[in-house]
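Since we're looking at a predicted model, the values are computed, not measured. Within every chain, numbering begins at 1; the chains are lettered A, B, ... in the order of the sequence lines, protein sequences first and strands thereafter.
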Amino acid sequence: MVRGVERPRGFLLAMLALVWCAIGTAAPGGAAEEQTIRVAGSTTVLPIVSKAADRFKVSHRGAAVSVNAGGSGVGVNDVGNGRAQIGMLSRELTREERGQFKNAGLKTHAVGRDAVACVVSSEVYSAGVKTLTREQIRDIYLGKIGNWKDVGGPDRRIVVIDKETHRGTRHVFMQYVFGDEQARAPGARLVTGSNNEEQTKVAQSDAAIGMLSVAWINPDVVGVGIREGGKVIQPTLESVRDGSFPISRNLNLVTAGEPRGIVKEFIDFILGPEGQKIVEESGYVAVR
Amino acid sequence: MSPSADPQANGPERNGRYFPGRGPAYWVCAGFACVALGAAGILLGYLVAESLPALRSQGWPFLLGKDWFVGENYGALPMIYGSVMATALALALALPFALGGAVFVAEFLPARARLIVKSIMELLAGVPGIVYGLLGMSFLAPWIKDAFGLIDGNSLLAAGALLGIMVLPTVMTLSEDALRSVPAEYRENALSLGLTQTEVVFSVAVPQALPGIAGAVFLGVGRAMGETIAVLLVIGGIDRIPSPWYDVFSPGQSIPSKLGREAAESLGYGLHWNALMGLGLVLLLMTMAVAFAGNLFLRRARP
């Protein structure tokens with residue numbers, strides 16, 4: 001009986017202690033905060049930054065870099081609102097974003113170049129769809145062409161994969177295909193988010209078309225050549241380097257104002273020889 | 001009877017029920033209760049306040065519009081449809097198994113086997129949504145594609161089936177608890193009156209446990225409506241009502257999956273954010289309506 005009475009009080013004390021600890025650990029510890037770089041945004045830029053972060057931490061003891069995905073739109077939003085110091089951006093800033101975060105004074109730093117390929121399931125590619133024209137891609141995304149046999153492929157309905165509207169890859173791709181980065185795609189059957197998700201869904205299907213950075217192309221997810229005026233341009237790093245591939249873009253880091261302190265050191269590291277080697281290792285073209 | 005007419009209004013006993021005095025325990029507990037209530041109130045108030053700009057600029061088309069395009073239109077109907085449809089599919093697929101399983105475990109299994117089944121079910125009920133989501137994306141969606149000859153398996157059906165699998169353990173284990181809480185004397189009396197075992201189960205135990213079973217089902221509905229990541233990975237992500245409307249092999253979008261895909265991009269800013277908060281408000285009202293309907297139903301069901 002006595003124990004039965006004692007226990008609730010002990011429990012209450014334990015609860016209070018727990019709450020106290022939670023509050024204590026949640027409060028930021030001043031000195032450690034300044035050494036942490038928070039990065040968020042594009043999943044296309046992410047491989048560069050996370051690899052760079054690992055090596056940066058070795059040469060800069062005490063520095064911590066936390067890297068989150070989310071997409072280009074999320075990266076800009078987080079930097080604009082002060083939730084992250086560096087945003088990853090696989091496109092340029094839009095006019096709306098510049099207006100929205102006028103006070104933050106957003107600055108972009110190009111760290112690499114990349115191409116967005118129009119990718120198809122390997123089954124479609126090996127069945128004969130090796131190239132597409134801009135008009136064909138447009139009609140597929142509009143839903144006017146619904147079967148692969150209309151573009152020289154097998155008699156199979158097309159699984160059109162679109163991306164979330166704020167994704168950098170989509171902006172660049174739609175800018176090329178429709179001349180409008182915000183274009184609608186009424187023919188879409190699926191919407192994906194990250195490059196991983198897009199890659200998985202295209203690989204799982206045997207009749208899919210999608211948009212993907214060239215660094216994410218693999219044997220199951222093949223980039224088709226773009227046919228333009230009798231010429232075919234393959235989605236390779238070479239055609240990005242010589243500027244012939246029509247859907248290419250800068251990979252940017254974005255900061256609020258000029259970067260300072262550890263943030264500047266980190267960006268300089270990525271722009272330096274070691275960082276630019278990481279850019280090439282990740283499957284993109286270095287800028288320096 | 002007015003309070004002043006009652007000579008014992010402030011005393012420990014009122015209407016035959018014992019009320020403890022207002023000691024420290026009273027105030028501490030009242031304080032915690034107020035925090036809990038206040039949190040719910042603030043949440044609702046915040047959602048209403050944040051969604052007002054969108055509701056005002058869109059008007060009724062917010063609820064009835066079929067077109068959602070950031071910067072132009074915000075019509076929530078495809079998402080509302082997707083949530084209702086996926087939840088309804090989940091229930092239709094899960095209830096027969098959950099209720100049949102609960103009756104079997106509670107009424108026919110020996111105590112030891114029952115404990116094993118129960119602990120497995122409770123374990124499954126605690127598995128996080130992302131695990132179900134990844135399994136659904138890797139196995140369920142491709143399987144649905146092959147089984148029904150679709151061009152792609154990510155569909156309302158895939159979301160509904162996955163939700164069904166997710167709520168099944170919860171509904172089953174809670175229904176089973178309700179059945180077990182029917183006193184053994186009821187069954188013994190019924191048996192001694194000459195009822196068969198089937199009659200005992202379906203005329204005595206199940207009707208007595210009905211409020212608890214209904215509660216379990218409504219909890220399942222709540223979980224299904226609110227599930228985000230698992231649905232997001234298999235529903236297809238298209239803001240569109242299929243034609244015909246009952247074509248469950250088409251892709252769709254539920255309210256939580258829409259929020260999951262777009263919230264981070266607009267966090268705290270602009271009409272897009274307001275519209276997303278409006279979606280959250282709609283979802284909250286839908287779950288409140290379900291809970292309310294559940295209460296109403298339970299009050300009727302009780303003798």
Side-chain angles (χ1 to χ4, degrees), chain A residues 8-9 12 15-16 40-41 68-78 80-84 94 96-97 99-101 121 146-148 156-167 182-194 196-198 200-208, chain B residues 24-25 28-29 31-32 35 66-73 78 82 133-134 136-146 149-155 158 229 232-240 242 249-253 257-258 260-273:
Chain A
R9 192 184 293 161
L12 195 69
M15 286 281 287
L16 283 177
N68 285 308
S72 296
V74 174
V76 176
N77 208 294
D78 279 5
N81 288 320
R83 274 187 301 271
T94 63
E96 290 80 29
E97 284 166 344
Q100 183 179 338
F101 300 114
S121 306
N147 196 308
W148 281 114
R156 209 176 285 155
R157 283 176 63 197
I158 304 178
V159 180
V160 182
I161 304 187
D162 196 1
K163 287 194 97 172
E164 294 168 3
T165 50
H166 70 97
R167 295 279 173 178
Q182 298 285 352
R184 297 183 189 220
R189 171 65 178 71
L190 268 184
V191 172
T192 60
S194 65
N196 270 318
E197 198 186 357
E198 174 102 11
T200 310
K201 297 256 157 124
V202 175
Q204 274 183 351
S205 175
D206 58 2
Chain B
V28 169
C29 294
F32 281 127
V35 169
K66 293 181 185 168
D67 187 40
W68 179 292
F69 201 80
V70 177
E72 293 176 29
N73 288 317
L134 291 174
M137 182 179 167
S138 316
F139 300 111
L140 185 65
W143 180 78
I144 284 180
K145 171 187 170 225
D146 295 338
L150 308 175
I151 58 168
D152 190 79
N154 297 286
S155 57
I229 188 74
L232 186 154
L233 287 172
V234 297
I235 200 168
I238 299 271
D239 312 337
R240 199 185 295 156
F249 299 119
S250 301
Q253 182 85 285
S257 69
K258 185 75 178 167
R261 284 218 182 271
E262 292 190 357
E265 145 199 15
S266 66
L267 215 52
Y269 181 90
L271 203 58
H272 185 198
W273 171 253

Kindly indicate, with the supporting measurements, whether the criterion side chain to side chain contact (heavy atoms under 4.5 Å, CB included) is fulfilled by A/Asn77 and A/Arg83.
CA-CA 8 Å; A/Asn77 208 294; A/Arg83 274 187 301 271; 3.4 Å; yes
Please classify the contact between [X] and chain B as side chain, backbone, both or neither, with a heavy-atom cut-off of under 4.5 Å.
X	value
A/Asp162	neither
A/Arg184	both
A/Ile158	backbone
A/Ala188	both
A/Glu96	neither
A/Glu164	side chain

Considering all heavy atoms of both residues, which atom of [X] and which atom of [Y] are nearest to each other, and what is their separation?
X	Y	result
B/Met137	B/Val234	N-CG1, 3.6 Å
B/Ala158	B/Ile144	CA-CD1, 3.5 Å
B/Ser257	B/Ile235	OG-CG2, 4.1 Å
B/Trp68	B/Glu262	NE1-OE1, 3.3 Å
A/Ser121	A/Ala207	OG-N, 3.5 Å

Contact part of B/Pro142 toward chain A, heavy-atom cut-off under 4.5 Å: side chain, backbone, both or neither?
side chain
Under 4.5 Å from a heavy atom of chain A, the part of B/Asp146 involved
neither
Can you confirm whether the side chains of A/Thr192 and A/Glu198 place a donor and an acceptor under 3.5 Å from each other?
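Distance-only check passes for A/Thr192 and A/Glu198.
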Among [options], which residue forms the greatest number of heavy-atom pairs with chain A at distances under 4.5 Å?
options	answer
B/Gly153, B/Gly237, B/Pro251	B/Pro251
B/Ile238, B/Leu233, B/Val70	B/Ile238
B/Gly236, B/Ala263, B/Ala141, B/Ser250	B/Gly236

Option among B/Lys66, B/Arg261, B/Lys258 that satisfies the salt bridge (charged side-chain N to carboxylate O under 4.0 Å, His left out) test with B/Asp239
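Only one option passes, and that is B/Lys258.
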